[in-house]
Amino acid sequence: MMEKLHPFHVSIMIYMNQSGVIALILPRLFASNYGYNGWLSLAFFFAVSILNIYLISLVYHYGQGRSIFEILEASLPKFFLFPLYVLLAALWTLIGCFAAKQFVFIFQMLDFPTTHPMLLKLLLDILAFSLVIKGIYSISKATTVFFWLFVWMHLLVIYFFGEFQWVRLTSFVFQGETDFVQGGFDIYSAFLGLEIALLLLPYAEKNKKLTRAVYIGNLMSVLAYLVVSVISFGVYSLEQLKRQQYPVLDLLSYIKLPFIERMENLLFAFILFPVLVSVVLYTWASVLALKRIAPKADTNWLAFAALAFSFGAAWVPDVISEVEMLLKYFSYAEEGIAFGLPLLLIIVLLFQRKGHTHA
Amino acid sequence: MHKISRIGAALIIPLLLPACADQRILEELGTVHTTSYDLLPEEEGKSSKELLITMTIPKNDPENRKVREEILTTTSINSKGGRIRLSRKTELSLVSGQLRNVLFGSRLAKEGIWPLMDTFQRDPSISQRLKITVVDGSAHDLVTEKYPPHPMTGPYIERMLEKQEKSKMSAEATLYDFTRDYYDDGIDPIAPIVKKQGGNVVMEGIALFNEDRYMTKIPADEVLIFGFLQGDFRQGELSMDFGESANKEANNAMFTSLISKRKIKVFANRSRDDITVNVSVQIKGSVLEYNGKMDLSIDQDRRKLERLISEQITDKANDMISKMQKNNVDSLGLGQYVRNSMSYGRWKKLNWEEVYPHVRVHCKATMVIKDYGKFK
């Protein structure tokens, strides 16, 4: 029998899938779109993410251990589902692809200005491939290792307690130039990654434990975002924060220890871990979707095809602003999936139930 | 086990391989330590103002077993353009990763330094801890001068500033501090100001900016008073001279191990310009030296000395605040507190820069003698 995912591993996978380069940008997004004390809006996004997880938990509940593909295929015709699967597979692959390319571009800007970015991307894809083909159980184990290699970085905030001043937070709430709607979509992309929980059901232990694990993983992300954002608002002035491309990277560059300084070059490399986890999990998800279209195809070859497609697509954006724009639009689409797919599944499941009781 | 080692090996590869492409050999790098900028006198027929740019680069001299300092100077209209010109003069590739201090001549500082700060913000290789310093006079002359006991001018100035900051005899002004206060609408930036004097570089005080323009300075012997007003701190030494005009009960006193706490209260009435700011400072310290007729072991005498000192600090602090208001520099960040005392709409309507010089600011300092040493 296949080993089941432990709730602890699920929490960590959700947390690692949500984290990434977005955590470096988030304080600026709060400042630019929600103005003074924009970090307070995190409460709203947290509530939305809870609603998102609740929808997923309903799918668990009504689906009774079936995978989302089984649920869909039981009620919907293949000519409708196959294009949907292709769409999902492409979207998931591309999100992972552009998240990786964004990481590579920043890494290149910091450390390797003349190295070809696609070389770095290739190395990342090779790593992702070697993990994807091992299956979700090995991915979860590796993610746990990456988690410990990454999570200690949050302790670095202690360093900023000295610079932090409450007076800089000001007494204003959401004042100044704001863009609640579009900014909201941008910020919610920091919560993307939790929708991968939809696919975990057949691989996990009991439903209830799985749901709780997803909630915990999401809570871990929220706490990390909260700490980083509050610190940024208390350490930087609002206008400054709005102008910083990667405010958290600037925070890291401020750290000076007796034996080392300018650690941001070194510390940024650790962001590789959540980025890698995102690439791996999204590729794994797209392989699952592809497998439904071509059930007889070899999983390894499907993973190879997905990553080859990802590598090819990564050639398209040539500059960092293009990658960020593409990532933004794909994130909007994924936000639609994060809510739309569970809703579709719930509707299908409700019809199935109705049909069942009528029969 | 096999799996883990394979994944581990795969993880290390991407971290190592790219290093083959972007090589930086230490011996071939010119790690700029200090850069100085001065404004050249305007020439007729030239539209933009030219800068005199000087860089110091520490160099290893293995033959003589010592470190030398190479100094390069050029003129340019912008910072990075200057670097390109300077790189023509040296066999090293100039890099900014170790840039520690940037000095601005006072003439340039008075015109505004923000156009030059842009590159420091943008260049990812430049540290947020880069020190911003103003030079009374020409920064180029200060950097190129030889100071015999200090073979390396750049590190000499940097360490001097660092030591002064620690004992609160100077203000901390890094790229981070300066940018933060520049963009904040409730505070103006500050930077230490130094000067060439004899064979030394001496601390001249604190340069106060209005946005990015250097307006006035706090003289070196009043920097501690500025420190009291600026915020809480622990550490520092205070010497008080009561002069001839004061009664003979105290001539002078010196305090150490200072602990200072500052509180700001704002009273903003509904009417637009009626704003009062109360600054209260509480200082605790130990007496290390005292000359006068009073006996510090007697409580009454000690209270009297405390009162004398409190009065003197209060007077000096109020004078300093008036000076800042007159020059329209809100270096203490009173605006931040005024901002927090009102609604956003009212703050936006209130033109702080216009209102600030007319705001009523009262400072009250209270000195408490913690102990008076081991001698009665």
Side-chain angles (χ1 to χ4, degrees), chain A residues 35-36 106-116 119-120 122-124 126-127 130-131 134 138 141-142 145-146 149 163 165-176 235-246 249-256 261-262 264-265 269 272-273 276, chain B residues 3-4 6-24 97-100 118 121-130 172 174-187 189 231-232 264 333-337 339-348:
Chain A
Y36 286 101
I106 302 171
F107 199 38
Q108 195 202 12
M109 179 176 81
L110 290 176
D111 294 332
F112 304 107
T114 55
T115 306
H116 200 289
L119 172 69
L120 296 166
L122 177 70
L123 293 166
L124 218 152
I126 292 171
L127 275 182
S130 54
L131 267 169
K134 294 287 173 207
S138 298
K141 282 290 170 74
V145 176
F146 297 158
L149 287 169
E163 290 295 340
Q165 276 189 15
W166 289 103
V167 70
R168 268 184 224 123
L169 289 179
T170 76
S171 53
F172 311 143
V173 178
F174 304 156
Q175 306 279 9
V235 167
Y236 296 121
S237 51
L238 185 79
E239 281 303 312
Q240 183 187 21
L241 201 49
K242 280 184 187 173
R243 281 158 207 268
Q244 284 171 314
Q245 193 76 282
Y246 310 103
L249 213 53
D250 283 336
L251 278 181
L252 294 179
S253 88
Y254 191 70
I255 296 172
K256 182 185 175 186
E261 61 178 306
R262 306 302 309 287
E264 81 275 18
N265 299 302
L272 169 74
F273 298 120
L276 182 63
Chain B
K3 246 185 242 172
I4 294 170
R6 249 193 258 165
I7 291 172
L11 263 176
I12 294 164
I13 293 167
L15 296 173
L16 297 180
L17 268 184
C20 305
D22 264 306
Q23 281 191 343
R24 276 167 230 168
Q98 290 297 318
L99 185 62
R100 302 302 170 99
D118 177 81
Q121 288 292 335
R122 216 173 279 282
D123 187 344
S125 70
I126 289 179
S127 167
Q128 289 280 304
R129 286 188 169 270
L130 171 70
E172 197 175 6
T174 57
L175 177 61
Y176 152 71
D177 294 299
F178 197 95
T179 317
R180 181 196 64 209
D181 293 346
Y182 174 80
Y183 279 121
D184 199 322
D185 53 1
I187 189 167
D232 300 353
I264 292 182
L334 300 180
Q336 291 180 322
Y337 291 87
R339 180 176 64 195
N340 288 359
S341 74
M342 51 182 66
S343 68
Y344 177 74
R346 201 176 157 207
W347 170 253
K348 278 285 141 188

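Just so it is clear: chains get the letters A, B, ... in the order the sequence lines come, proteins before strands, and each one is counted from 1.
Residues N340(B) and T170(A) come closest through the heavy atom pair OD1-CA, 3.1 Å. Shown here for E163(A) and D177(B), the closest heavy-atom pair between the two residues is OE1-OD1, 4.3 Å. For S253(A) against Q128(B), the heavy-atom pair with the smallest separation is OG-CG, 2.9 Å. Scanning all heavy atoms of the two residues, the minimum distance from W347(B) to F172(A) falls at CB-CZ, 3.9 Å. In terms of heavy-atom proximity, V167(A) sits nearest to R339(B) at O-NH2, 4.1 Å.
Proximity of R180(B) to Q165(A): side-chain heavy atoms (C-beta onward) are nowhere separated by under 4.5 Å. Looking at heavy atoms from C-beta onward, T174(B) lies in side-chain contact with Y254(A) at the 4.5 angstrom threshold. Put simply, the side chain of K242(A) does not reach to within 4.5 Å of the side chain of Y183(B), judged on heavy atoms. In this structure, the side chains of E239(A) and D184(B) stay at 4.5 Å or more apart for every pair of heavy atoms.
The line from OG of S237(A) to CD of Q336(B) is 8.5 Å long, rounded to the nearest 0.5 Å. How far CD of Q240(A) is from CG of D181(B): 8.5 Å, rounded to the nearest 0.5 Å.
With a 4.5 Å cut-off on non-hydrogen atoms, Y246(A) does not touch chain B at all. Only the backbone of D111(A) has a heavy atom closer than 4.5 Å to any heavy atom of chain B. At a 4.5 Å heavy-atom cutoff, the contact between S343(B) and chain A is made by backbone atoms alone. Looking at V235(A), both its backbone and its side chain come within 4.5 Å of chain B, counting heavy atoms on both sides. In this structure, chain B has no heavy atom under 4.5 Å from any part of L241(A).
The most heavy-atom pairs under 4.5 Å with chain A, out of I187(B), I126(B), I264(B), D185(B), come from I126(B). Residue with the most contacts toward chain A among G345(B), S127(B), P124(B): S127(B) (heavy-atom pairs, distance under 4.5 Å). The choice from R243(A), M109(A), K134(A) that makes the most heavy-atom pairs within less than 4.5 Å of chain B is R243(A). For the options K256(A), Q244(A), E264(A), heavy-atom pairs under 4.5 Å to chain B are most numerous at K256(A).
In this structure, Y236(A) has its ring center under 6.0 Å from that of Y176(B).
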